[in-house]
Amino acid sequence: MKLLLSIFVLSLFSVFSSQANEPDSAYVFSYATQKNNGKNGLHYAWSVDQEKWHSIGPEFRFLFSDFGTWGSQKRMLAPFLFQDNEDGWHAIWSLNEKTGQFAHAQTDDLFTWSPQSYPYVLETGNVLLPEVTFLSTENVYQITWLSDWYEEQKIYKTTTTDFKSYSQTVEGDETDRVGAREKVLIDGEKQFGVVSKVPWSVIDGLIRFYELTKYHEIQRSERLTDDADRYADLKPLNAKITAMPENRKAISDLLIGVFFEDINYAADGGLYAELVQNRGFEYNPADTRFRDKNWDSKKAWSFTGDEGDFFIDTLVPVHPNQKHYAVVITGEKSESLQNEGFDGIPLKAGAKYNFSVFARTLEGTKGKLEVRLVDENGNVYAEGQSAVVKPDWTKLTLTLTAKETIDKAILALTPQFKGKVALDMISLFPRKTFKERKNGLRADLAQTIADLHPRFVRFPGGCVAHGDGLHNIYRWKNTVGPLETRKPDRNIWNYHQSMGLGYFEYFQFCEDVGAEPLPVIAAGVPCQNSQTGGHGQQGGIPMCDMDQYVQDILDLIEWANGDKGTRWGKLRAESGHPEPFNLKYVGIGNEDLITDIFQERFIMIFDAIKEKHPEITVIGTVGPFSEGTDYRVGWELASKLEVPMVDEHYYQPPGWYLNNQDYYDRYDRSEPKVYLGEYATHIPGRKLNMETALCDALHLINVERNADVVSMTSYAPLLAKKGNTQWNPDLIYFDNTNIYLTPDYYVQKLFGQNSGDEYIPSMVSLSDNNKDVQKRIASSFVYDSKSGDYILKLANLLPVSVHTEVDLSKIPIDFGDAQLTVLSGEVDDEKAKPEAKTIQIDKELTYTLPAYSFSVLRMKSN
Ligand code: AHR
């Protein structure tokens, strides 16, 4: 690493030292290659004589095409770089061989780019080799391209003044074409691109940008797993920490929260305690994008017996929102409709289970339903009989008691009569849910989340919130009210959302764990990588429907906070919560592309909430990364609109956290506050271990120091069901009966249980002056005014112990007992758990930080 850094510094020096001979201007060649199916983006080379070309990189990506869903498209074919009349630059390129769209992005320096747009210019036909020229007579930019649809090659053209709106496309001819592309030899290969003359400073800027990017890549590659070499000679160290209470500052008391997204079966089959899978027969092949041929209304259901059968009908549903139901044709008494649950139905000996079903007979015959929980051999673990099924839809309920414990029971319903019976919303809940709530949450999982002591819960996502295409945007109104009236939907992570865990349950859970509810609502645009309806970009709710969309958001605030006499407050009260939920925060948007489409809709929503509910803190969004176009433009927008807070997302490798410890120290305190809504440390293999946990801890220590600007954080994602995981790593893994906690979970818990509302700066002096050693030790000292406790957090990301003296002489501490909790282990330890003990402290506190450890010392004030 050191050698790489030295080479890098030397190469920087060589660039700077060459400045003495630099020309006033030179040529830049912009091109893309066919490599990697055209996905490698925009490259540059430079030359002073247009003969000898020097690639910058080589083949370094200065701009990439964001067109298409994750993992698809993203191609840049035949880019054309063009300078406008105001000294700005535009790149347009072809996206593929089929689409009647091209791509456009603007830049001033050739490396900082605007959001991309993909205008539709041909209904039938493709866009190949697009070019731009300025028509001075008409004062417009003309874009021409070739189109070779159905073997017929034509030239088309359109004009624009702003690269936002375009004139009607018309046919052109050869005289409209500029033909500005040239063939140039770059590193021994002929490339086809555009040559532009630029001041030398532009090329100098490109070289510096490239060098800096490479430098950051080296920084990002730093791993704790390489420490045996890096710190081969390092001996145990000494440190002194001196608290400086005179510089204390107020910090957010909402710093640690949770990010709940229905991903990895976090809701149905996870936190939501329903044990019947596909209870409403609403699974749809489209849920999985037609990838699973067994995924339909019958998923998880089967029929035993030769005489009878069951089919799915939609003729007379319980409710139009739950269209499908099963019709069972009964033969012999023992025949049954069976549900396998989510990988089986787990039962606990002696526990009670609430069964319910909507049923009606279809042929006049009457009778009861026998309800049994059996194993695969037919052994019965619980049984009972319903009341008589009637000709109208009636909800029947029953309590079952499990005789024995079993992991994989099956629910079997056997009508005790011949004929046809319609069944829907077939449900089985453990009676013991979290806080004994009806339609409640799995007690052990909910408690595991509660143990984090989250100050807020964000829901329902993530990408689930903005959805896969316009029709999949999460609509809160579909998720409240009686279960049989809720509207299930496809889950963007390619499964199904029953909406049984809906907004009411989310808000109730927040109340049950003492957390602020933080609903995140789409900003009128779906996921930037939407599979449907986006045509390579996010698209947006038509403006003619936006008033209603905005009203839905205002209605949510009334539903949460309105008196029970209000229209929406009444609905909440009818659901069992007459008192307001006291909603304070609403997130608008989820890491969206900050395009014009986004901005128009975001502003509309933001203005409406601000006007009608100035008491609500709106949280905006600044893209999926810690830098780049959406981050920059998102921040510019938030700053201009004075959005109170923005939601930042980034998943980074260890090296980023190690080398960006001042990330938030550099933030302007007069700008919007930050909600770090999604973050995690990612390593190859996407596992969690002590390396990731320590990097999380390091980052949170740095965030805590900046908790005057960072108000909230949530690690993401929270939950993952083993065997049903679309995203790794996750904080908490589980199956039907067990919970598997990660070292990163314990870091969150230690922070959640040991937050403060005042930050007390401290000075750390280490016996080693090497900055690469020093950056591996971090500490944070906070005061919690509620408990009156002082809390010292210490992270040691070194392979050696650090003997530490802590000077607490200026802190009014009640010397004596203090609580010490330490999480430590080898960097690849995936099972590390914290250990807690009581220690004695006095004014001259000494403590040895174990190698690779995170320690929390909690002390009483006097
Ligand atoms: O946390 C998982 C996903 O990561 C979220 O749904 C999305 O917002 C982000 O890209």
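Start at 1 and go down the list; that is how both ligands and their atoms are numbered.
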| query | When you measure from atom 6 (O) of ligand 1 to every protein heavy atom, which one gives the shortest distance, and what is it? | reply | Glu261 OE1, 2.5 Å
| query | Looking only at heavy atoms of Pro717, does any of them come nearer than 4.0 Å to an atom of ligand 1? | reply | yes
| query | Does Arg686 make a cation-pi contact with Trp727, if we ask for NZ or CZ under 6.0 Å from the ring centre and within 45° of the axis? | reply | yes
| message | Checking the side chain of Lys74 only, and the main-chain atoms of Asp66 only, is there a donor and an acceptor separated by less than 3.5 Å? | response | yes
| query | Between Ile263 and ligand 1, does any nitrogen or oxygen pair lie at a separation below 3.5 Å? | reply | no
| message | So, applying ring pair (Phe, Tyr, Trp, His ring centres under 6.0 Å) with Phe459, which one of Trp476, Tyr503, Phe504 is it? | response | Tyr503
| request: Could you label the plane-to-plane angle of the Tyr657 and Tyr650 rings as parallel, tilted or perpendicular, counting under 30° as parallel and over 60° as perpendicular? | output: tilted
| request: Would you mind listing which atoms of ligand 1 come within a distance below 4.0 Å of any non-hydrogen atom of Cys463? | output: 5 (C), 6 (O), 7 (C), 8 (O)
| task | Apply the side chain to side chain donor-acceptor pair (under 3.5 Å) test between Lys721 and each candidate in Asn736, Asp735, Asp730; give the one that qualifies. | result | Asn736
| task | Mind checking whether Tyr650 contacts ligand 1 via backbone (N, CA, C, O), side chain (CB onward), both or neither, at a 4.0 Å heavy-atom cut-off? | result | neither
| message | Can you confirm whether more than 12 heavy atoms, excluding those of Glu627, are under 6.0 Å from its CD atom? | response | no
| remark: Looking only at protein heavy atoms, what sits closest to atom 9 (C) of ligand 1 is Glu678 OE1, 2.9 Å
| Distance filter under 4.0 Å to Asn590 heavy atoms, resulting ligand 1 atoms | 8 (O)
| At a 4.0 Å threshold, what atoms of ligand 1 neighbour a non-hydrogen atom of Gly462? | 5 (C), 6 (O), 8 (O)
| query | Is the shortest side-chain N to carboxylate O distance from Asp489 to Arg475 below 4.0 Å? | reply | no
| Closest protein heavy atom (residue, atom, distance) for atom 10 (O) of ligand 1 | Glu591 OE2, 2.7 Å
| note | of all protein heavy atoms, closest to atom 1 (O) of ligand 1 is Tyr651 OH, 2.7 Å
